[in-house]
Asks: 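Quick one: structure below, then a few questions.
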Amino acid sequence: MSKYSPREIEQFWYQKWEENNYFAPSGSGEPFSIAIPPPNVTGTLHMGHAFQHSLVDSLVRYKRMSGKNTLWQMGTDHAGIATQMLVTEQLATQGIKPSDLGREAFVDKVWEWKEQSGGTISRQLRRLGASLHWETERFTLDAGLSRAVREVFVRLHEEGLIYRGKRLVNWDPVLKTSLSDLEVESEEEQGHLWHFRYPLAGDPDRFISVATTRPETMLGDTAVAVNPEDKRYKDLIGKEVMLPLADRPIPVIADHYVNMEFGTGCVKITPAHDFNDYDVGKRHELPLINILNEDATLNDDVPGKYRGMDRFEARRAVVADLDALGLLEQIDDHVMAVPRGERSGVVVEPYLSDQWFVKAAPLAEPAIKAVEDGDIEFVPRNTENIYFAWMRNIQDWCISRQLWWGHRIPAWYDTDGNFYVGRSEEEARQKHGLSPDLKLERDPDVLDTWFSSALWTFSTLGWPEQTKELATFHSTNVMVTAHEIISLWVSRMIMMTLKFVGEVPFRKVYIHGLVTDANGQKMSKSRGNGLDPMDIIDGISLDDLVAKRTSNLMQPRMAKRIEKATRKEYPEGIMAYGTDPLRFTLYSIASQTRTLRFDMKRIEGYRNFCNKLWNAASFVSSNIAGHESELADTDIELSDVDHWIISELQRTTAAIHLAMDTYRFDLASRALYELVRDEFCDWYLELSKPILNSDQSTDARKRGTRQTLARTLESILRLAHPFLPFITEQLWQQIPTTVRDSGDTIMLQPYPADDESLINRDADSNINWLKQVVTGVRNIRGEMDISPVKEVPIMFFNGNDQDRERLERYTTLLRFLIRPESMTWLSSEDDKPLAATALVGDMELLVPMGGLIDKDAELARLDKEIDRREKDRGRTEGKINNPDFVDRAPADVVQKERDKLQELESALRKLNEQRASVAAI
RNA sequence: GGGUGUUUAGCUCAGUUGGGAGAGCGACGGCCUUACAAGCCGUAGGUCGCAGGUUCGACCCCUGCAACACCCACCA
């Protein structure tokens, strides 16, 4: 058999699977379904995707093999803002502005772009081995989903759960659109707190000092507020101050919102440009003065000199002008949270505009209850707190975006500004009895991308049609996603799905951690520490990696640093590891912590693991070659070694089932790793060699071992398939059909079930004894620097009948594993030569010193053994001598300690005797 | 300000109802032993963040503290 080479097998098998439609639901059995969190149609696969989809794929393959009617629904998201920005940038390189094209032509361009680049993410998902049902792939802007969106919008509007209104919203002045709270990211930045004096109206010599972080907004102030309890300003309440620069009188009002301790205790109130001030303004019926244009330049409602200035330019001008008037009192450094648009990165403005909103509270109520009642379970459990915290304090959701790419809002306006909602213009006219002559214009806005995403689990299955798919696969079983998506998406799916389907979108929500780089840093373009899963699968040269990480940076000056760090970390670039090793690495780090560090060192280990599995299969294959026909024979004899590995297989199988059922992918992968490496390869394959090669073994026993080799390997492959889909398929194909099912793919084989009755405790304890003997000898060899191939006499003393019986039974195996020159059973103390010793229970294992063994080294070794046991004895004695322990601890625990003490004392006695005789040389 | 999580070997992390502290990587030593040097064998290394408490017994349960991380929130 050739060497393990992922590249050669992975693409081949995926294609085969897809051609044969193996990803389709079987149509029989209990349904199991998962809807993919739709990736951006024009996006590429990042490490977070690779992680998430690897987890889901293992789950899907596991359930499919377990006989479930399994659907992993594929689809992509139109990603309004992200995609529009991307295409806008593309056009900019050709010197084209969206406004040059106009709406329709621009949207056509986006569709073109989607057709052209939309295949990337799908290709990458295939490379990852994701067993998605491609045939029913959906797109959030396709006809069916658009229909679902209109249906939901109209019905919510009819119920008064969608409304239009002028509100203060988050405004992105570069994209010129509103954003929801969740699309705004606040980060602490160094800023200033300016203190200004506002002179009292009619008393220009008296001032009131206000503190602000945003001086330019003072042009829109409509009041100054103080705390009603604040004695300093009590007399000013109800009076007026003259707003400088604007020269408008504004009132001094009292409101508990004002914190007396902060700043000067006086707050300028700008209702049109601050969310708090907006609320204060409402309470006091203050006028709202909007001073900004859509692009955050100052509008005509400010004094002439500031008109048209950018907000930051205006800030400098206002500060300078107030200073010139002697009204600038002081400037403090001040750290504050600055809100920025998640996509554009620019500072977002609270901005007064007409928008559409979803009234969230009524929808949230049943959604909260569904989780409280356990209809939906969060895993790990405590992540439901994030959900509850968000839902119990939910605010209305601004769903309109001033973009061109997205679901256009199904509302039409007449020339008087009245609007009419309907599934179509015809319906809107009909519903409102409008004359056909009335001129209507459709609302130019589109819906927040998350609005269509919220309908994902059911719209992809055909809703509003009551399809068979919807009946079969909804509710879906589990949603696998990250923390930050809980509010953004999970909560909205739950609300919308309960509302329109009357059932939960999924029964479980598995929340996984965030994959970071090896240092725990979030992977990002700007940090230049991102790893592309494709580069790990296919490999990449250092120069290409550097080029990739330093191109298109928002801050080009970072390029040098990124290049340096990259060259240091990957001096040889990244070699091609293949998908299976990447996946296995991802499972192994999937513990239930918040951040998961991806370290290239680990993938190397798991690549080696795959290689080992490959070589083990090659060993099995060469040992059964020529014996294929007898592999199904019943005329066989199983040795203890065979029984033991079969036991191990059962235990691991049970452990993996438990792990998968509790979403512990890390424990599942580890159990598999340990079985394959530590038991199957390190012990079983080694022990099978003497059985197969010795004249002492009967043919029936050899047949038994060949059969166990083949069957165990075959089971391991099925067990491992959900995690390592490609290598397992490749190796499984090479298993003779006398051992495996004659099916065409491992994908559709039954997943192994554990069978308690196949656990053979006698064989287990025998093999355990055998391992101890072998380990004892290896330890002496290792410590005494005796070459593993140097044959030495080995003696046994003080063993019981069982030891003796086992020695005889396993002579052949022992000869192979410990390479004795001779094996002697000593019957009397007097026969004991001076020797290095190991203990196996009460039995002493001796390697005579005759020139081989260094006295001091052996003394050191014995001291170590003695010391270890003495410490243990101390602890154990302490317990036994504690009457409280003996009285109160369960009898079996006490007995266990007593037995242990006895063993320790016996061992110590022997070791000390041994030490004395060695020391006497 | 509120919330959640983390703290176990040099590094990254397991530790499933409280009953003898584990793995991988790294380190060190020895081996080309006929599946595998992408390998094999062996060894060292930890007052389980700190301080209390409950218990016969605590990495595990309770209280307090500290450090770090993340999420949410309107302190101008």
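Only this structure's heavy atoms are used, side chains among them; waters, hydrogens and symmetry mates stay out. Below, chains carry the letters A, B, ... as their sequence lines are ordered, and counting in each starts from 1.
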Asks: Looking at A/Lys3 and A/Glu8, is there a salt bridge between them, counting it only when a charged N and a carboxylate O are closer than 4.0 Å?
Replies: no
Asks: Assign a letter to each nucleotide of nucleotides 57-63 of chain B from its 5' end: B, base within under 4.0 Å of a protein heavy atom; S, sugar-phosphate only; -, no contact.
Replies: -------
Asks: Under 4.0 Å from OP1 or OP2 of B/A14: is there any side-chain N or O of A/Thr593 that close?
Replies: yes
Asks: With P as the reference atom in both, quote the distance from B/G2 to B/C48 in angstrom, rounded to an integer.
Replies: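 Between the two P atoms, the distance is 32 Å.
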Asks: At less than 4.0 Å, is any side-chain N or O atom of A/Ser787 found next to OP1 or OP2 of B/C31? Yes or no.
Replies: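 No, because none of the side-chain N or O atoms of A/Ser787 sits under 4.0 Å from OP1 or OP2 of B/C31.
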Asks: For A/Arg778, which of A/Val773, A/Ile786, A/Ile818, A/Leu817 qualifies under side chain to side chain contact (heavy atoms under 4.5 Å, CB included)?
Replies: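 So, applying the side chain to side chain contact (heavy atoms under 4.5 Å, CB included) to A/Arg778 and each of A/Val773, A/Ile786, A/Ile818, A/Leu817, only A/Leu817 qualifies.
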Asks: Has the side chain of A/Asn882 got a donor or acceptor atom that lies under 3.5 Å from a matching backbone atom of A/Gly878?
Replies: no
Asks: Report the stems of RNA chain B as range-with-range entries sorted by first number; a stem here is at least three consecutive pairs, Watson-Crick or G-U wobble, both distances under 3.5 Å, and write none if there are none.
Replies: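 Result, WC/G-U stems under 3.5 Å: B:1-7 with B:66-72, B:10-13 with B:22-25, B:27-31 with B:39-43, B:49-53 with B:61-65.
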Asks: If I pick the C1' atom on B/A66 and the same atom on B/A9, what distance separates them, to the nearest angstrom?
Replies: 23 Å
Asks: Touch check for A/Ile589, heavy atoms < 4.0 angstrom, all strands: base, sugar-phosphate only, or nothing?
Replies: nothing
Asks: Would you classify A/Lys900 as touching base, sugar-phosphate or nothing, given that sugar-phosphate means primed atoms plus P, OP1 and OP2, and contacts are heavy atoms under 4.0 Å?
Replies: base
Asks: Just checking, is any N or O donor in the side chain of A/Gln895 or A/Asp899 under 3.5 Å from an acceptor N or O on the other one?
Replies: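 There is such a pair (donor and acceptor under 3.5 Å, judged by atom type) between the side chains of A/Gln895 and A/Asp899.
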Asks: Let me confirm one number: the CG-CD1 distance from A/Asp221 to A/Ile250, rounded to the nearest 0.5 Å.
Replies: 5.0 Å
Asks: What integer number of Å spans the P atoms of B/C61 and B/G19?
Replies: 12 Å
Asks: In whole angstrom, give me the gap between the P atoms of B/A23 and B/C41.
Replies: 14 Å
Asks: Atom CZ of residue position A/Arg7 - does it have more than 12 heavy atoms of other residues, nucleotides or ligands inside 6.0 Å?
Replies: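 Open.
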Asks: Examine B/A76: is either OP1 or OP2 under 4.0 Å from a nitrogen or oxygen in the side chain of A/His334? Give yes or no.
Replies: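 Looking at the OP1 and OP2 atoms of B/A76, one of them is under 4.0 Å from a side-chain N or O of A/His334.
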Asks: With rounding to the nearest 0.5 angstrom, report the CG to CD distance, A/Asp863 to A/Glu858.
Replies: 10.0 Å
Asks: Ignoring backbone atoms, establish whether A/Arg664 has a side-chain N or O less than 4.0 Å from OP1 or OP2 of B/G15.
Replies: yes
Asks: Pick one: which of A/Leu531, A/Thr516, A/Leu514, A/Asp517 meets side chain to side chain contact (heavy atoms under 4.5 Å, CB included) with A/Met47?
Replies: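 Result for side chain to side chain contact (heavy atoms under 4.5 Å, CB included) with A/Met47: A/Leu531.
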Asks: Give one of base, sugar-phosphate or nothing for A/Val258, where a contact means two heavy atoms less than 4.0 Å apart.
Replies: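 Base, at least one base atom sits under 4.0 Å.
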Asks: Quantified in whole Å, what is the P atom distance between nucleotide B/A21 and nucleotide B/G49?
Replies: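 Comparing P positions in B/A21 and B/G49 gives a spacing of 15 Å.
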Asks: At 4.0 Å (heavy atoms only), tell me whether A/Ala889 reaches a base, stays on the sugar-phosphate, or touches nothing.
Replies: base
Asks: Treat primed atoms plus P, OP1 and OP2 as sugar-phosphate and everything else as base, then score nucleotides 34-44 of chain B 5' to 3': B for base contact with protein heavy atoms under 4.0 Å, S for sugar-phosphate contact only, - for none.
Replies: -BB-BSSSSSS
Asks: Side chains of A/Asn227 and A/His256: is there a donor and an acceptor less than 3.5 Å apart?
Replies: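 Their side chains do not contain a donor-acceptor pair, so the 3.5 Å distance test is not met.
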Asks: Do A/Glu183 and A/Ser180 pair up side chain to side chain, a donor and an acceptor below 3.5 Å, judged on atom types alone?
Replies: yes
Asks: Atom CG of A/Leu219 and atom OG1 of A/Thr270: how far apart are they, to the nearest 0.5 Å?
Replies: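 Going from the CG atom of A/Leu219 to the OG1 atom of A/Thr270 covers 9.5 Å.
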Asks: For A/Val789, answer base if it contacts any base atom (sugar-phosphate contacts may also be present), sugar-phosphate if it contacts only those atoms, and nothing otherwise; contact means non-hydrogen atoms under 4.0 Å.
Replies: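 Contact class for A/Val789: sugar-phosphate only.
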Asks: Can you check the distance between B/A27 and B/G45, where both ends of the measurement are the C1' atom (answer in whole Å)?
Replies: 9 Å
Asks: Once you apply a heavy-atom cut-off of 4.0 Å, does A/Gly265 come out as touching a base, just sugar-phosphate, or nothing?
Replies: base
Asks: What's A/Arg594 touching, base or sugar-phosphate or nothing? Going by heavy atoms closer than 4.0 Å.
Replies: base
Asks: Answer with yes or no whether the side chains of A/Asp754 and A/His657 bring together a donor and an acceptor at under 3.5 Å.
Replies: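 No, because no side-chain N or O of A/His657 sits under 3.5 Å from a partner of the opposite role on A/Asp754.
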